> 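Take a look at the following structure, please.
Just so it is clear, the model here is predicted, and its values are computed rather than measured. Order of the sequence lines fixes the chain letters, A, B, ..., with proteins taken first and strands second; residue numbering starts at 1 for each chain. Values below: all heavy atoms of this structure, side chains included; hydrogens, waters and symmetry mates excluded.
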Amino acid sequence: MTYLTLAHLEKSFGQNHVVKDFNLTVEKGEFISLLGPSGCGKTTVLRMIAGFEAPSSGAITIEGQDVTGLRTSARNIGMMFQAYALFPNLTVAENVGFGLKVGGVAKAERAARVTEILEMIGLPELGGRYPFQLSGGQQQRVALARALAPRPRVLLLDEPLSALDAKVRVALRNEIRSIQQELGITTIFVTHDQEEALSVSDRIVVMNAGVADQVGTPFEIYNRPATRFAAGFVGTLNLIAAKVIDPKTGTVALAGMNLQVQGTAQRAAGSDVTLALRPEGLRLGRGDGEGAVFRANVASVQFMGSTIRIEVMAAGQKLTLDTFNRADQPPPRPGDEVEISLSGNNAIVLD
Amino acid sequence: MARTRQGLIQRLPLNWLGLVPFAVFALLFLILPTLKIVIGAFQGPEGGFTFQNMLDLNTASIRSAYWTSIKLSVITALLGGTVGFAMAAAVVFGGLPKAVRGPLLTFSGVASNFAGVPLAFAFIATLGPVGLVTIWLKTNFGINLRAMGWNLLSFWGLVVTYLFFQIPLMILIITPALDGLKKEWREAAAVLGATGAQYWRMVALPILFPSLLGTFALLFANAFGAVATAFALTGPQLNIVPIKLFAQIRGDVLGNPNLGYALAFGMILITAAANTLYIWLRVRAERWLK
Amino acid sequence: MTRFLAWLALIFGCVFFILPLVGMGEFSLKMRRGVYSFDAYRKVFEDPTFWATFGYSLVLAAATIVVGVLLVVPTAYWVRLRLPKARPYVEFVTLLPLVIPAIVVVFGYIRLFNTSSILPLTGTAFGTDFLLTMGYTTLALPYMYRSVDTGLRTIDVATLTEAAQSLGAGWLTILARIILPNVMVAVLSGAFLTLAIVMGEFTMAALLNRPAFGPYMQLLGANRAYEPPALAVIAFAITWGCMGLMQLVTRLAKHERAKA
Ligand SMILES: Nc1ncnc2c1ncn2[C@@H]1O[C@H](COP(=O)(O)OP(=O)(O)O)[C@@H](O)[C@H]1O
Ligand SMILES: [Mg+2]
């Protein structure tokens, strides 16, 4: 049974149509990310779930209860903001206990719950401090604890990591994910950072200009992007022009070679398509000889540790490819002539 | 050791020399005159130390003057503070059109400085015996303010008049403080299940408390030391401390110059006490700040 | 609901503020029986004492502004540059005039600088004018200092000073050519506020017996019926003008900065 349903949500601010026919069903305990560029309406969707904004039309259902017209304080939701949303006049413990206090939970029970949750986020000693005495990462942990303390039905996170430094960001996102799994709490996470979304989500909603372009697991979103936007926004992509030869067998022609790909069944023979390939879908060398092989000229080499990113010029355009680092095999150097190969299995066919 | 001393001699006086003009000014025209009053309050006619002046303040007339002044200042500070707060909150949170804000703040700047003699004239022309509102109520509604006990030249008349500069002063000072309340706090409180009232009681008001206190102390001092408005409104007869002191300086109405010092010293004591209380409460309230 | 209450608060406030202004405006026009006329204003403008006191207060306001700027700008600059330790003390002193009532300060002047003291300032008219200017400067001090200090905060005093020194500029040049232009907006804001305060000031001038605009208004108020509201309208216009200029300066400066 679905736990949270957003049905045909629309939102306009005056003339500005910000969210368009947004549909989403979320299972209990799922971790969903809304991923999209800044200004595409992610925050607006989240704020409608929280009840800060009323949808222009559409419905929001939680546990079978229609909450569309319910006021925020009655929705029993937890929310974490981008930054600095802790109450500065309350200690960490008072912040975390705030939801319980206004919910009428008795003092002793409240204290126990606060201790328990502070331990969960790894800050058991900081209960007596004030927010200004904490680092940014600690503040966001406390904000998470505060959101979780009243056992909300849904946890909403609006880019909670974007104000932190890179290292803290990665640590905290993993921590959020593990706490989320431990509690089994249904979570909606807003981010414009694809790596963040790919690494922690059960499913991702790719948003573009107020529309949900694609909904799917990180694996699906990355490997089978449904639209050009989704393909381009998530990860790096090589785009190569091709022509459909035989839709049935999936044969396409590119740079004078034939290649077998999937996903041409709906297209007419002779039509122009674009093949999209991830950098790791291109290979240095001939490979097993299947697929297409190009001669290429190395333009640049970036050594990134476990992987090496190589940019080459081939068939008149720039292509990016990733290979794994191997101690016994030094990477090519800029200017080298190399062969690269690609397999049709890794290619995504776009319009 | 010798080097340190030389360094000190080179550095210290030069830096502090830059403050000499300001220090001389403050000493001559602010601190010494005040000290003169303080010392005079404890000097007898022959110049010796005495408590007699302070004790002599304890007459029915002077006591009542202080009491009226304190009442006047507290009431106008509280009323002005409340109304000013409501108006500032209306503009910041009330969902009023954005265009309201600029003009209101500009007007507050003007009105808070429109005190003294002309303010008294404006109120006489409006709520005085033949003022605009008085006459309008009488001719159109048959309401006779005077018969209902209204008198502009009285304590409550003064209260209403003082509000004309107390309210805008409050608006001017508290609006930036209200702007400092983050939207996220209100929203965080709401998702955690708090009602609007709970948010105000547990978060917003405690955060605003120091600013509110400071403004209150300022409004209090503002009303307590005001002479011109009251003098132009009621002349020398209204029994409040600044008017009494004014009359005493002009013509020694108390018949004892040193009692004048004591009267002035009492004013300093009260405004200083108000501000000390403010600072003390502020320190307590701001333990959550750096 | 909230919005209704907000409108209510605003409208109540507006009525309270506008009525006295309408009242004084209307009253000032009623000098001639039965019709509205500008007779009261004509009377006021025909009175040579009006011009004399108005001019006197204007001159004193100018003097106060000059003294205030000469006193506050170098001090605030110096405290920021070299004596951050002195800052709380200086700030405390600048805020004292908000705590010590003006009437007490001027009382102190009268007793401290009387004819039998070492500095018998009240003995001569010029000495008293000087004293009154100093008194006005203390009244303006809290606003002036705040304004200039805030202005200094937005510029990097230390770097500007070092740059100027490396080009061989002396202290006077630095203050007049570098610092003052940079805090001009703050100085002008403070100046207009000072003008508004001085033009209406009553207590100090009255107790020092100087022919200023404030005591003149009070005297007229005690003896006439229609001229006082006319004077109030004029005084209100002056205050409004000062505040308007203050806003204008700030806005122009913002505009300039946005362009730069
Ligand atoms: N309260 C509002 N009033 C008017 N426009 C708004 C409001 N909130 C958001 N918008 C507009 O809606 C669009 C989407 O905003 P938002 O949901 O915050 O995007 P995101 O979170 O994806 O960056 C933006 O163009 C923004 O300007
Ligand atoms: Mg956003």
> Is any side-chain heavy atom of B/F29 closer than 4.5 Å to one of C/F113?
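In short, these two side chains touch, coming nearer than 4.5 Å.
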> What part of B/N275 gets within 4.5 angstrom of chain C, counting heavy atoms only: side chain, backbone, both, or neither?
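The side chain, not the backbone.
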> Non-hydrogen atoms of chain B under 4.5 Å away: do they reach the side chain of C/L193, the backbone, both or neither?
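C/L193 touches chain B through side-chain heavy atoms alone.
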> What part of C/W240 lies closer than 4.5 angstrom to a heavy atom of chain B: side chain, backbone, both or neither?
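C/W240 touches chain B through backbone and side-chain heavy atoms alike.
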> Select one option (side chain, backbone, both, neither) describing which atoms of C/V90 are under 4.5 Å from chain B's heavy atoms.
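Looking at C/V90, backbone and side chain both touch chain B.
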> Chain C heavy atoms under 4.5 Å from B/L245: which part of the residue, side chain, backbone, both or neither?
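Interface part for B/L245: both.
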> So for B/V100, is it side chain, backbone, both, or neither that comes closer than 4.5 Å to the heavy atoms of chain C?
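Just the side chain, heavy atoms under 4.5 Å.
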> Could you grab the distance from atom OG of B/S108 to atom CE of C/M243, nearest 0.5 Å is fine?
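Answer for the OG-CE pair, B/S108 versus C/M243, is 11.5 Å.
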> Would you mind telling me which of C/L83, C/V93, C/V233 has the largest number of heavy-atom pairs within less than 4.5 Å of chain B?
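Answer, by heavy-atom pair count under 4.5 Å with chain B: C/L83.
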> Is there side-chain contact between B/V83 and C/F12, with heavy atoms separated by less than 4.5 Å?
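Counting from C-beta outward, B/V83 and C/F12 do come under 4.5 Å.
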> Can you tell me how far the CD atom of B/Q248 sits from the CD1 atom of C/I103, to the nearest 0.5 Å?
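Reported to 0.5 Å precision, the distance equals 10.5 Å.
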> Which atoms of C/L131 come close to chain B, meaning under 4.5 Å heavy atom to heavy atom: side chain ones, backbone ones, both, or neither?
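Answer is side chain: those atoms of C/L131 sit under 4.5 Å from chain B.
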> For chain C, which candidate among B/I124, B/T161, B/V130 shows the most heavy-atom pairs at distances under 4.5 Å?
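Heavy-atom pair counts peak at B/V130.
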> What residue, out of B/A272, B/P21, B/A26, B/G260, has the most heavy-atom pairs lying under 4.5 Å from chain C?
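Going by pairs under 4.5 Å, I would pick B/G260.
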> Give the member of C/L96, C/T75, C/L119 that has the highest number of heavy-atom pairs under 4.5 Å with chain B.
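Greatest number of close heavy-atom pairs with chain B: C/T75.
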> State whether the side chain of B/T271 and the backbone N or O of C/V99 hold a donor-acceptor pair below 3.5 Å, judged by distance alone.
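Flag set: sc B/T271 to bb C/V99 pair under 3.5 Å.
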> Where do B/F22 and C/T94 come nearest, in terms of heavy atoms and distance?
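Here B/F22 and C/T94 meet closest at CZ-CG2, 3.8 Å.
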> How far does CE of C/M134 sit from CG of B/L30, to the nearest 0.5 angstrom?
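Here the rounded value is 12.5 Å.
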> So do B/I37 and C/R111 actually touch side chain to side chain, heavy atoms under 4.5 Å?
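Not in contact.
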> Once side-chain contact (heavy atoms from CB on, under 4.5 Å) is applied, do any residues pair with B/T234, and if so which ones, sequence neighbours excluded?
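B/L153, B/L238.
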> Within the 4.5 Å heavy-atom criterion, are C/C14 and B/F107 side-chain neighbours or not?
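Counting from C-beta outward, C/C14 and B/F107 never come under 4.5 Å.
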> How close do C/G23 and B/A125 get, heavy atom to heavy atom, and via which atoms?
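Closest heavy-atom pair between C/G23 and B/A125: O-CB, 3.7 Å.
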> May I ask you to test the C/L112-B/L35 pair for a side-chain heavy-atom distance under 4.5 Å?
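The answer is no, as the side chains (C-beta and beyond) never meet within the 4.5 Å cut-off.
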> What I'd like to find out is whether the side chain of C/F16 reaches to under 4.5 Å of the side chain of B/V160, using heavy atoms alone.
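Yes, at least one pair of side-chain atoms sits under 4.5 Å.
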> Looking at chain C, which one of B/P118, B/A226, B/A115, B/G40 has the largest number of heavy-atom pairs inside 4.5 Å, strictly under?
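Most pairs with chain C among the choices: B/P118.
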> Does atom CH2 of B/W136 have more than 12 heavy-atom neighbours, drawn from other residues, nucleotides or ligands, at distances under 6.0 Å?
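It does not: B/W136 CH2 has 12 such atoms or fewer within range.
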> Top residue by heavy-atom pair count (under 4.5 Å) with chain C, among B/A232, B/A111, B/G131, B/A228?
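Highest number of pairs under 4.5 Å: B/A228.
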> Is there a side-chain contact between B/T126 and C/M24 in this structure, where contact means two heavy atoms from C-beta onward sitting under 4.5 Å apart?
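When only atoms from C-beta onward are counted, C/M24 and B/T126 do not touch, as no gap falls below 4.5 Å.
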> Search all heavy atoms of C/L207 against all heavy atoms of B/R250 and return the closest pair with its distance.
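What the structure gives for the nearest pair is CD2-CG, 3.8 Å.
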> Once rounded to the nearest 0.5 Å, what's the spacing between atom CZ of B/F231 and atom OG1 of C/T203?
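Answer rounded to 0.5 Å: 9.5 Å.
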> Between chain B and each of C/G25, C/A206, C/S28, count heavy-atom pairs under 4.5 Å; write down the option with the most.
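Ranked by contacts with chain B, first place is C/A206.
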> Is there a donor-acceptor pair closer than 3.5 Å between any side-chain N or O of C/Y109 and the backbone N or O of B/P33?
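No; judged by distance alone, with no hydrogens or angles, the pair does not exist.
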> Below 4.5 Å from any heavy atom of chain B, which atoms of C/I110 appear? Answer side chain, backbone, both or neither.
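Side chain only.
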> Got a sec: does the OH of C/Y143 have more than 12 other heavy atoms crowding it under 6.0 Å?
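Counting neighbours around OH of C/Y143, 12 or fewer heavy atoms of other residues, nucleotides or ligands fall under 6.0 Å, so no.
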> Out of C/A232, C/P20, C/G108, C/P101, return the one with the most heavy atom pairs under 4.5 angstrom to chain B.
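Counting heavy-atom pairs under 4.5 Å, the top option is C/P20.
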> At a 4.5 Å cut-off on heavy atoms, which part of C/V22 comes close to chain B: side chain, backbone, both, or neither?
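It is both, since atoms from each part get that close.
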> CG of B/L96 to CZ of C/R3: how many Å apart, nearest 0.5 Å?
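Taking CG in B/L96 and CZ in C/R3, the distance rounds to 7.5 Å.
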> Does any backbone or side-chain atom of C/A222 lie under 4.5 Å from a heavy atom of chain B? Answer side chain, backbone, both or neither.
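Interface part for C/A222: neither.
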> When the ring centroid of C/F27 is compared with that of B/F121, is the distance short of 6.0 Å?
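No, the ring of C/F27 stays outside the 6.0 Å limit from the ring of B/F121, centre to centre.
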> When heavy-atom pairs shorter than 4.5 Å are enumerated against chain C, which of B/G225, B/A120, B/A122 gives the highest number?
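Result: the option with the highest number of such pairs is B/A122.
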> Do C/F202 and B/F246 have their ring centres less than 6.0 Å from each other?
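Yes, close enough.
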> Is it the side chain or the backbone of C/P228 that comes within 4.5 Å of chain B heavy atoms, both, or neither?
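Both the backbone and the side chain of C/P228 come within 4.5 Å of chain B.
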> Taking all non-hydrogen atoms of both residues into account, name the closest pair between B/A86 and C/A9 and its distance.
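Heavy atoms of B/A86 and C/A9 come nearest at O-CB, 4.1 Å.
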> Do the side chains of B/Y261 and C/F107 get nearer than 4.5 Å, heavy atoms only?
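In short, these two side chains touch, coming nearer than 4.5 Å.
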> Flag the one option from C/M246, C/Q218, C/E201 with the top tally of heavy-atom pairs under 4.5 Å to chain B.
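Highest number of heavy-atom pairs under 4.5 Å: C/Q218.
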> Does any backbone or side-chain atom of B/V110 lie under 4.5 Å from a heavy atom of chain C? Answer side chain, backbone, both or neither.
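Its backbone and side chain both get close to chain C.
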> Based on non-hydrogen pairs under 4.5 Å, which of C/I197, C/L231, C/T137 is most in contact with chain B?
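Looking at each option in turn, the highest pair count goes to C/T137.
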